[in-house]
Structures are given as structure tokens and as C-alpha cells.
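Order of listing sets the numbers, starting from 1, for every ligand and every atom in it.
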Amino acid sequence: MTTTPNVPAAPAFDAHHPPEREIIDKCVHCGFCLPVCPTYVLWGQEMDSPRGRIYLMKLAAEGAAQMTPAWVSHFDTCLGCMACITACPSGVDYGKLVEATRAQIERNTARTASEKRHRSFLFKNFARPERLHRLRAPLLAYQKSGLQALVRGLGLLKILPKKWQAMEALLPRLAPQETVPELTPAVGAKRRRVGLLLGCVQREFFSHVNAATVRVLAAEGCEIVAPRTQGCCGALLVHAGEEASAVEFAKKTIDAFEQANVETIVTNAAGCGSNVKEYGHLLRDDPAYADRARNFSAKCKDVSEVLAELGTRSPRHPLKLRVAFHDSCHLQHAQGVRAQPRALLSGIPGLQLAEIPEAPICCGSAGIFNLVQPDTARELGDRKAEHIAALNPDVVVTGNPGCVLQLQSALARQHRKTPVLHTIELLDASLRGQTLDSLRR
Ligand code: SF4
Ligand code: SF4
């Protein structure tokens with residue numbers, strides 16, 4: 001009688017950077033990550049938890065599961081919020097696992113025609129500041145002419161697919177664009193020369209945040225370089241599994257900042273910040289860029305980290321406000337930055353800081369998540385808005401443009417007009433002796 005040899009099944013992943021087996025094997029299935037995982041909190045399904053998703057990766061790595069639509073769906077619903085990393089006592093770097101898995105999905109599975117069209121629209125526009133810039137004029141006309149109010153009031157948006165409705169609901173109220181000079185001198189004695197990553201959405205739709213960042217850094221003794229040649233850092237792409245395009249954007253960003261000769265590279269959008277801090281990993285195989293990427297990443301810091309390091313030099317004026325601080329996931333979980341923004345806000349005389357319950361749980365923004373999974377994002381946004389409303393703050397403050405949009409939209413659904421600002425805007429107002437009303441747009 002002949003026996004069949006024990007041939008191991010072929011893995012579902014291709015050979016280019018599959019999720020690392022050493023990281024997968026670190027998971028001891030303890031479940032400490034479950035209570036902070038937004039999808040597990042909403043649905044209570046093991047396969048929509050970090051532990052379940054890691055198990056799905058293990059099965060695919062061993063050839064015991066294929067990347068079927070059902071398998072892929074558990075990764076499409078993952079927000080990439082990284083709350084599981086903070087919660088994990090075993091140090092499982094889920095971020096590296098999910099980014100590798102998503103790149104495998106995009107290379108080796110087929111999206112439907114409508115998914116392809118939608119994703120292509122998002123990447124072609126949101127990861128290209130020049131294209132976002134061209135959208136400004138028609139969007140401004142849509143808002144200023146009263147057409148937006150009319151369309152919303154008549155409920156006409158309901159005829160659009162949900163994903164397009166979600167995009168319209170998230171539109172920021174546009175104001176005239178504030179440009180940041182390529183070089184801004186320090187006020188008084190120079191303490192540091194820094195580069196500023198302008199972002200894409202931040203640059204075009206939140207240019208006032210970049211302008212405020214430059215004013216605050218200059219007031220605290222920084223000379224700021226904002227290289228004109230910088231484009232998109234690739235954050236949206238890398239978080240969505242579009243690895244090849246993300247690599248190209250990363251190289252261009254490194255090229256732009258190397259010429260600026262700065263000590264620190266400042267980010268003020270948490271999603272971009274967490275991405276540029278990982279360039280060393282993204283470009284690890286590239287002989288021309290691996291070392292340069294590691295050096296670049298080592299210089300990157302969120303603006304709150306830089307200001308905390310520098311210490312206070314400029315006097316703060318009082319702002320008698322009750323402020324609800326919202327931790328952006330890519331700041332608190334991906335970058336481990338929690339204390340610094342709180343310290344900055346607490347340093348403003350008269351300001352009272354209120355902590356939002358369930359702080360580790362995502363608001364539903366999560367890169368393009370609220371555009372590709374609008375129902376789940378809405379549920380998470382509503383949950384967060386209820387927690388915020390219970391605090392009755394004068395203003396909500398956070399460190400990421402995506403969270404600003406998501407929270408504004410969720411609060412508006414509850415008919416609340418509480419403004420949502422970037423942390424640096426409030427600090428800038430305090431330095432300039434302005435009031436909250438002057439920041440309402
Ligand atoms: S990244 Fe967020 S949504 Fe995804 S598994 Fe971890 S906690 Fe859950
Ligand atoms: S907390 Fe860490 S080790 Fe425990 S199940 Fe979650 S990922 Fe695995």
C-alpha cells in the first residue's frame with residue numbers, strides 16, 4: 001500500500017512581505033485586546049477582533065485558509081486603529097501584520113468594479129494635494145451659494161450611494177486658504193530648525209491648522225522650513241494596502257526633506273505622523289533608501305512632542321473653556337503620544353480639560369474607513385458624540401484632521417454646534433490672546 005507524503009499546503013500569501021510569522025506567533029490568545037477593538041465592541045464576533053484576525057492570518061500563512069471574499073471582509077472592517085497594540089501585554093505589533101495583510105489582499109484578490117472605482121477616486125484625489133486644490137473652488141461655490149444647505153435640507157443626498165453620502169456629510173466648511181511660507185524665522189533666539197510636513201487634506205482643507213502650527217513653533221523659537229517640493233507622504237495608501245504607490249511617495253518625501261537640512265520633522269496630522277515614523281520599515285529592502293528612511297523616521301515628531309521637548313517660552317493668555325480632548329488613534333496608539341497634548345492644553349490658564357469616556361476606542365474616522373465603511377463609521381461616530389455631549393464642553397480638541405471631520409459630522413447629527421478644533425489652534429489662540437469665537441468658521 002502506498003502512503004501519501006505529508007505535503008504542507010501552500011500559503012495563501014505571496015512571497016513579498018507576508019505578515020511576519022514571528023509576530024503572529026507572539027499572540028497568546030489572551031483576549032486583553034478585545035474590549036478596545038471597535039468592531040468587537042460593536043458586533044462581539046471573534047473573527048472581527050484582533051485575536052480572530054491574527055488567527056485568520058495564521059490560517060492563510062499555513063495554507064489552511066484562502067483569501068476568499070469572506071476572509072477579506074474581516075480585514076476590510078478593521079479600522080487599523082491600533083488600539084489592540086496599546087492593549088496587548090505580549091507586544092504583538094498588529095500594525096505591521098495588518099499592513100502586510102492588506103498589501104497581500106490588494107495584490108492577490110479582485111475588488112468589485114464599484115469598489116475599484118471608489119478606491120481609485122479616493123486615492124487619486126485625497127493623496128494628491130494638487131487635485132484637492134482643484135476641488136476647492138467648486139466646493140467653495142457649492143457651500144457659499146447655499147446649494148449645499150438646499151440639497152441637504154431637501155434630503156436630495158439620499159439618492160446617492162451611501163459611500164458618496166458619507167463623503168458629502170464629511171465635507172469641511174471651507175475658508176480662504178492660508179499659505180505657509182517656505183521659510184519662517186524663529187521669533188527671538190532660534191532654538192531649533194524644523195521641517196513641517198504639510199499633509200494633503202491638512203494643506204488644502206485645514207490650511208489654518210498649518211498656519212497656526214507655524215506661528216506656535218516660531219513663537220517657541222523654531223525656524224520652520226516647509227519644502228515646496230513635498231507631496232503626499234503616502235499615509236492613506238499604506239494604511240489601505242497600496243504598498244507600491246506608498247513606497248514611491250515615501251521616497252519623494254525623504255528627498256524633499258533631506259534638502260531642507262532640518263533637525264526635526266514636525267507632523268500635525270496623526271495619520272501622516274504615524275506613517276512617516278514607519279518609513280524605515282516601509283523602505284527596509286531598498287538599498288538606496290533603507291538607511292535614509294531610518295534617519296528620516298527618527299527625526300519625525302508630532303507637534304505636541306516637539307513643543308513638550310522645547311518647554312514653554314511664550315506667555316499663554318487665559319482661555320476660560322471646558323475642553324473635551326479626543327485622542328486620535330494614530331496619535332495615542334500608533335505613536336504612543338497621550339501626555340504631551342494634554343500637557344499643552346493644561347498649560348493654558350483658565351482651561352479645564354475633560355476626559356472623554358472610552359478614549360481608547362476609535363471615533364470611526366480611521367483614514368478612509370468612514371468613506372468605505374460608512375455604516376460602521378457612523379455607529380462609532382454617534383457613540384463618541386454621545387460621550388462628548390454628556391460632558392457638555394465648549395469645544396472638542398483633537399490632533400488629526402480626519403477626527404475633526406468625523407466628530408463634526410457626528411455632533412451635527414445630534415444637532416450640536418460644539419466646535420471641533422486641532423490642539424494647535426487652541427494653543428495659537430492662547431498665544432495670540434484670541435477668543436474661541438474668533439476661531440469659529
Ligand atoms: S486595529 Fe482596531 S479595529 Fe483593527 S483589530 Fe486592532 S483594535 Fe480592532
Ligand atoms: S492582547 Fe495581544 S496576545 Fe492577547 S489576544 Fe490580543 S493580540 Fe493576542
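- Protein heavy atom nearest atom 8 (Fe) of ligand 2, with residue, atom name and distance: Cys27 SG, 2.4 Å.
- For Arg284 and Asp291, the salt-bridge test fails: no basic side-chain N is under 4.0 Å from an acidic carboxylate O.
- Given atom 2 (Fe) of ligand 2, the protein heavy atom at minimum distance is Cys88 SG, 2.3 Å.
- One side chain, Asp255 or Tyr289, offers a donor N or O that lies under 3.5 Å from an acceptor on the other.
- Counting backbone and side-chain atoms alike, Cys84 contributes no N/O/S atom closer than 2.8 Å to atom 8 (Fe) of ligand 2.
- Near Leu79, meaning under 4.0 Å from any of its heavy atoms, are these atoms of ligand 1: 3 (S), 4 (Fe).
- A donor-acceptor contact shorter than 3.5 Å is absent between the side chain of His208 and the backbone of Glu178.
- When heavy-atom distances to ligand 1 are checked against a 4.0 Å cut-off, Met82 comes that close only through its backbone atoms N, CA, C and O.
- Scanning the protein for heavy atoms near atom 5 (S) of ligand 2, the closest one is Gly31 N, 3.2 Å.
- Side-chain N or O atoms of Lys299 include none that pairs as donor or acceptor with a backbone N or O of Arg294 at under 3.5 Å.
- The nearest protein atom to atom 6 (Fe) of ligand 2, hydrogens excluded, is given as Cys33 SG, 2.3 Å; this is a heavy-atom distance.
- Each of Arg53, Gln45, Gln373 was scored for a side chain to side chain donor-acceptor pair (under 3.5 Å) with Thr77, with one residue passing: Arg53.
- By the 30° and 60° cut-offs, the orientation of the rings of His330 relative to His239 is parallel.
- Note on Arg192 versus Glu309: salt bridge recorded, some NZ/NE/NH1/NH2 to OD/OE distance being below 4.0 Å.
- The pair Lys277-Glu305 meets the salt-bridge criterion, with a side-chain N (NZ, NE, NH1 or NH2) lying under 4.0 Å from an Asp/Glu carboxylate O.
- Residue contact annotation: Cys81 places no N/O/S atom under 2.8 Å from atom 6 (Fe) of ligand 1.
- For ligand 1 and Arg53, the ligand atoms under 4.0 Å from any heavy atom of the residue are 3 (S), 4 (Fe), 5 (S), 8 (Fe).
- Asn400 places no side-chain N or O within donor-acceptor distance of the main-chain N or O of Ser328, the cut-off being under 3.5 Å.
- The side chain of Tyr94, and not its backbone, has at least one atom closer than 4.0 Å to an atom of ligand 1 (non-hydrogen atoms only; side chain from C-beta on).
- Close approach to Pro89 involves these atoms of ligand 2, each under 4.0 Å from a residue heavy atom: 1 (S).
- Minimum interatomic distance between Arg131 and Lys124 (heavy atoms only, all atoms of both residues): CD-O, 3.1 Å.
- Ligand 2 places these atoms under 4.0 Å from at least one heavy atom of Ser90: 3 (S).
- Among protein heavy atoms, the minimum distance from atom 4 (Fe) of ligand 2 is reached at Cys30 SG, 2.3 Å.
- Scanning the protein heavy atoms around atom 7 (S) of ligand 2, the nearest turns out to be Ile54 CD1, 3.8 Å.
- Here the heavy atom of the protein found nearest to atom 3 (S) of ligand 2 is Val28 N, 3.3 Å.
- Each of the following atoms of ligand 1 lies closer than 4.0 Å to a heavy atom of Gly80: 1 (S), 4 (Fe).
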